[in-house]
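Read the structure below first, then the notes.
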Amino acid sequence: MLQRIRTRYAPSPTGRMHVGNLRTALYAYLIAKHEDGDFLLRIEDTDQERQVEGAVEIINRTLEKTGLLWDEGPDKDGGVGPYVQSERVTAGIYMDYAKKLIEKGEAYYCFCTKERLESLRQTLTVDGETKEITIYDKHCLHLPKEEIEANLAAGKPFVVRQNTPNEGTTTFTDVLYGDITVPNAELDDMILLKSDGFPTYNFANVVDDHLMGISHVVRGNEYLSSAPKYTRLYHAFGWEEPVYVHCPLITDEHKKKLSKRSGHSSYEDLVEQGFVDEAIVNYVALLGWSPEDNEEIFSLEELVKKFDYHKINKSPAVFDMTKLRWLNSEYIKRLSDEKYYERALPEVRKVISKPLDLKKIADLMKTRIEVFPDIAEPIRFFEELPEYGVDLYTHKKMKTDTAVSLEILRDLLPRLERQEDYSLEGLKEYLSAYITETGRKTGQVLWPLRIAVSGLANTPGGAYEIMEILGKEESLARIRQGIAKLEAAG
RNA sequence: GGCCCCAUGGUCAAGCGGUUAAGACAUCGCCCUUUCACGGCGGUAACUCGGGUUCGAUUCCCGAUGGGGUCACCA
């Protein structure tokens with residue numbers, strides 16, 4: 001294959017990128033980069049009503065954060081901006097191409113009013129759901145030339161429609177799905193150019209993919225049913241078709257296509273929920289594809305090396321938050337201190353206002369969380385000793401109960417008051433000496449100690465770690481409280 | 001409803017005519033351990049159904065069933 005691979009990600013700027021879009025962008029990027037090809041970004045903003053303020057920036061930022069950097073585009077602000085379709089509309093590109101099609105008889109002007117179109121609409125009820133379908137009747141295809149001219153001259157609003165024959169079939173080839181053939185009669189005369197002069201996605205997409213030399217068109221499987229119409233467009237122009245890669249859908253647990261409208265998480269939502277960029281990209285890559293070596297954790301660079309689009313699955317994949325969380329925990333464990341603190345410390349500060357060693361507290365949580373917000377709850381006891389019942393002091397396996405605990409804490413208190421070194425090592429050394437000296441079991445001594453300083457049966461870290469962080473004064477205060485509590489309980 | 005696509009454990013996912021049907025997440029149990037977690041070890045759990053083709057089908061073909069997608073002056 002001598003042809004250079006060129007792919008593109010072509011989103012419409014309507015808000016945050018949801019996971020399905022991110023996966024499409026990722027696959028398009030990987031297909032190109034695996035062969036050292038080009039990856040472009042093209043903003044498809046041909047629907048003026050759906051424009052969302054700042055959406056292009058969100059797309060740019062998301063692509064940058066995930067490392068899916070595009071290779072070319074018009075100069076903009078000293079850098080390489082993405083291609084933007086609305087800017088190309090002004091250049092008259094789409095109008096010119098639409099006219100070429102009209103000349104060839106492959107498209108035609110349509111002056112039908114909304115009302116007339118409305119009358120063509122059929123409603124249909126399936127499984128209790130009401131759906132509306134409209135099949136255009138080619139009314140304007142048969143308009144006399146004079147009438148068309150007159151309408152145009154009168155400035156009557158028009159639309160340009162694709163002229164699809166009612167006979168024959170159209171076949172296109174997808175690398176994953178093979179040849180797909182549909183009867184032309186099934187293909188509606190879709191609108192190419194809207195009455196506001198803007199092209200529809202269907203048209204702009206084909207024209208731009210050709211003009212930009214896109215070799216592999218990567219898009220979601222929901223486009224499979226309109227693909228034959230695009231094929232007809234390519235044929236009508238006499239252009240060579242690109243290679244199609246229709247990616248399987250990503251669905252929710254109910255097998256429904258992920259969409260913003262249904263409230264499914266976008267990439268940015270996930271970041272806000274405490275996920276790591278690389279983990280999200282990694283996980284999403286795995287939905288619909290797996291490497292030959294069966295590895296599951298890899299960087300974008302490794303992905304580029306391993307990715308083979310011929311191995312993309314055909315069946316839809318359910319987005320499994322549980323597995324993403326696991327993968328995220330793996331990424332968190334591998335994070336450098338710097339990167340870990342950057343996101344962990346803010347979470348620690350949410351619950352700790354005392355002048356404690358926040359980094360040490362964060363360290364305690366590194367292997368215990370799946371997402372960053374998991375940090376807050378388990379460390380709250382550092383800030384304030386929670387209310388607890390003396391029954392916590394009873395632990396069969398540790399061979400301890402309230403009586404034993406009271407005895408040990410009373411025994412330990414004066415010693416710990418004399419102890420100056422509250423570092424982890426100091427405490428460890430001192431207390432293990434006490435343990436051997438008294439012949440008690442380690443757990444038997446440490447259990448009541450942890451209960452006293454934390455008020456909890458389960459804590460991140462053990463008694464040593466907690467006491468080190470709390471420091472001598474607070475540790476002793478809590479131990480005295482524990483003793484008082486035990487004495488009061490009798 | 002028309003058209004199109006899909007079908008291996010709960011989820012992701014190997015497999016591409018002959019396998020004890022991998023692996024990961026989840027789940028369960030054990031070990032490690034002062035708790036929790038990490039880590040280690042092990043268990044439960046799958047080829048939608050019916051016809052073919054074949055010496056032999058999870059694998060190929062057809063059909064059924066199930067699920068999904070799509071049918072806009074949205075992309």
Side-chain angles (χ1 to χ4, degrees), chain A residues 10-14 44-47 49-50 110 112 114 117 121-122 124-127 131-135 157-161 174 176-177 180-183 185-188 190-196 198-202 204-205 219-228 246 248-249 251 253-257 283 286-290 292-297 311 313-327 329 333 364-369 378 392 395 397-398 400 431 435 441-451 454 456-464:
Chain A
S12 63
T14 55
E44 310 231 331
D45 56 347
T46 54
D47 185 349
E49 285 178 18
R50 288 212 312 167
C110 171
C112 289
K114 295 239 183 218
L117 260 21
R121 186 158 305 165
Q122 303 166 30
L124 144 174
T125 308
V126 187
D127 295 332
K131 303 182 180 186
E132 292 189 331
I133 58 177
T134 311
I135 295 160
F158 69 89
V159 106
V160 175
R161 285 184 185 272
D174 177 276
L176 269 20
Y177 295 96
I180 295 176
T181 302
V182 297
E186 293 292 334
L187 273 19
D188 194 34
M190 65 178 182
I191 291 174
L192 268 22
L193 225 49
K194 299 184 265 190
S195 54
D196 62 3
F198 277 67
T200 58
Y201 160 86
N202 302 308
N205 202 258
R219 58 162 86 106
N221 176 305
E222 67 265 36
Y223 291 98
L224 221 40
S225 37
S226 33
H246 286 93
L249 255 21
T251 74
E253 63 272 37
H254 303 110
K255 313 268 189 195
K256 301 287 186 196
K257 185 176 80 165
Y283 178 65
L286 254 14
L287 290 175
W289 174 83
S290 65
E292 292 203 22
D293 57 16
N294 241 330
E295 287 294 317
E296 292 207 290
I297 300 181
K311 283 200 68 192
N313 273 306
K314 286 188 285 192
S315 43
V318 174
F319 184 85
D320 182 9
M321 192 59 96
T322 306
K323 184 148 184 179
L324 207 213
R325 291 178 71 94
W326 165 77
L327 195 57
S329 75
K333 279 173 215 147
L364 246 28
M365 296 304 293
K366 198 169 183 180
T367 61
R368 290 163 223 264
I369 57 169
L392 281 186
H395 193 295
K397 208 177 146 203
M398 298 304 141
T400 181
L431 285 165
I435 289 161
K441 301 284 287 180
T442 308
Q444 195 178 36
V445 174
L446 264 18
W447 181 264
L449 209 45
R450 187 188 36 253
I451 299 298
S454 72
L456 298 168
N458 298 333
T459 59
Y464 300 130

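Residue numbers begin at 1 in each chain, while the letters A, B, ... track the order of the sequences.
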(message) With a 6.0 Å cut-off (strictly less than), is the heavy-atom count around NZ of A/Lys441, excluding the residue itself, greater than 12?
(response) no
Return the polar atom pairs (N/O with N/O) between nucleotides 22-24 of chain B and the protein under 3.5 Å, or none.
| unit_1 | atom_1 | unit_2 | atom_2 | d |
| --- | --- | --- | --- | --- |
| B/A22 | N1 | A/Asn294 | OD1 | 3.4 |
| B/A22 | N1 | A/Asn294 | ND2 | 3.4 |
| B/A22 | N3 | A/Asn294 | ND2 | 3.2 |
| B/A24 | O4' | A/Glu296 | OE1 | 3.2 |
| B/A24 | O2' | A/Glu296 | OE1 | 2.3 |
| B/A24 | O2' | A/Lys323 | NZ | 3.3 |
| B/A24 | N3 | A/Lys323 | NZ | 3.1 |

(message) Applying the Watson-Crick and G-U wobble criteria at under 3.5 Å, what pairs with B/A57? Answer none if nothing qualifies.
(response) none
(message) Given 3.5 Å as the limit, does a donor-acceptor pair link the side chain of A/Asp47 with the main chain of A/Glu49, or not?
(response) yes
(request) Kindly write out the residues that satisfy side chain to side chain donor-acceptor pair (under 3.5 Å) with A/Lys333, not counting sequence neighbours, or none if the list is empty. (result) A/Glu330
(message) For a quick check of understanding: with a heavy-atom distance under 4.0 Å over all strands, which category does A/Tyr283 fall into, base, sugar-phosphate or nothing?
(response) nothing
(request) Would you confirm whether A/Thr200, through its side chain, and A/Ile191, through its main-chain N or O, come within 3.5 Å as a donor-acceptor pair? (result) yes
(request) For the side chain of A/Lys314, starting at C-beta, report the closest nucleotide among B/U34, B/C6, B/A13. (result) B/C6
(message) Could you work out, with side chain to side chain donor-acceptor pair (under 3.5 Å) as the rule, every residue matching A/Arg219, not counting sequence neighbours?
(response) A/His246
(message) Under the rule for side chain to side chain donor-acceptor pair (under 3.5 Å), what residues qualify as partners of A/Thr442, not counting sequence neighbours?
(response) none
(message) On the nucleotide B/C74, are OP1 or OP2 found under 4.0 Å from the side-chain N or O atoms that A/Ser12 carries?
(response) no
(message) Quick one: does any side-chain atom of A/Lys194 pair with a main-chain N or O of A/Thr46 as donor and acceptor, under 3.5 Å?
(response) yes
(message) Regarding A/Gly461, tell me which of base, sugar-phosphate or nothing describes its non-hydrogen contacts under 4.0 Å with the strands shown.
(response) base
Taking only nitrogen or oxygen atoms into account, show me every contact under 3.5 Å that the protein makes with nucleotides 66-73 of chain B, one pair per line with its distance.
| unit_1 | atom_1 | unit_2 | atom_2 | d |
| --- | --- | --- | --- | --- |
| B/G68 | OP1 | A/Lys256 | NZ | 2.8 |
| B/G69 | OP1 | A/Lys257 | N | 3.3 |
| B/U70 | OP1 | A/Lys257 | NZ | 2.6 |
| B/U70 | O4' | A/Ser225 | OG | 3.3 |
| B/A72 | OP2 | A/Thr134 | N | 2.9 |
| B/C73 | O2 | A/Ser195 | N | 2.8 |
| B/C73 | O2 | A/Ser195 | OG | 2.8 |
| B/C73 | N3 | A/Ser195 | OG | 3.0 |

(request) Compare the minimum distances between each of B/A26, B/C12, B/C4 and the side chain of A/Ala317, then state the nucleotide with the smallest one. (result) B/C12
(message) Please compare A/Gly443 and A/Phe319 by the position of their nearest nucleotide in RNA chain B and report the one closer to 5'.
(response) A/Phe319
(request) Select base, sugar-phosphate, or nothing to describe what A/Val182 touches, counting heavy atoms under 4.0 Å on all strands. (result) sugar-phosphate
(request) Quote, to the nearest angstrom, the P distance that separates B/G15 from B/C38. (result) 31 Å
(message) Tell me every residue that passes side-chain contact (heavy atoms from CB on, under 4.5 Å) with A/Met398, counting only those two or more places apart in sequence or in another chain.
(response) A/His395, A/Thr400, A/Trp447
(request) State which of B/U35, B/C3, B/C6 makes the closest approach to the side chain of A/Lys397. (result) B/U35
(request) Return the nearest nucleotide to the side chain of A/Thr322; candidates are B/A26, B/C36, B/C6. (result) B/A26
(request) Determine the contact category for A/Asn313: base if any of its heavy atoms lies under 4.0 Å from a base atom, sugar-phosphate if only primed atoms, P, OP1 or OP2 are that close, otherwise nothing. (result) sugar-phosphate
(request) Determine: side-chain N/O of A/Thr46 to OP1/OP2 of B/A75, distance under 4.0 Å, yes or no. (result) yes
(message) Measuring from the side chain of A/Thr459 (C-beta onward, heavy atoms only), which nucleotide among B/U35, B/G2, B/C6 has the closest atom?
(response) B/U35
(message) Over all strands shown, is A/Ile180 touching base, sugar-phosphate only, or nothing at heavy-atom distances under 4.0 angstrom?
(response) sugar-phosphate
(request) Return the nucleotide paired to B/C49: Watson-Crick means purine N1 to pyrimidine N3 with N6-O4 or O6-N4, wobble means G-U with N1-O2 and O6-N3, both under 3.5 Å. (result) B/G63
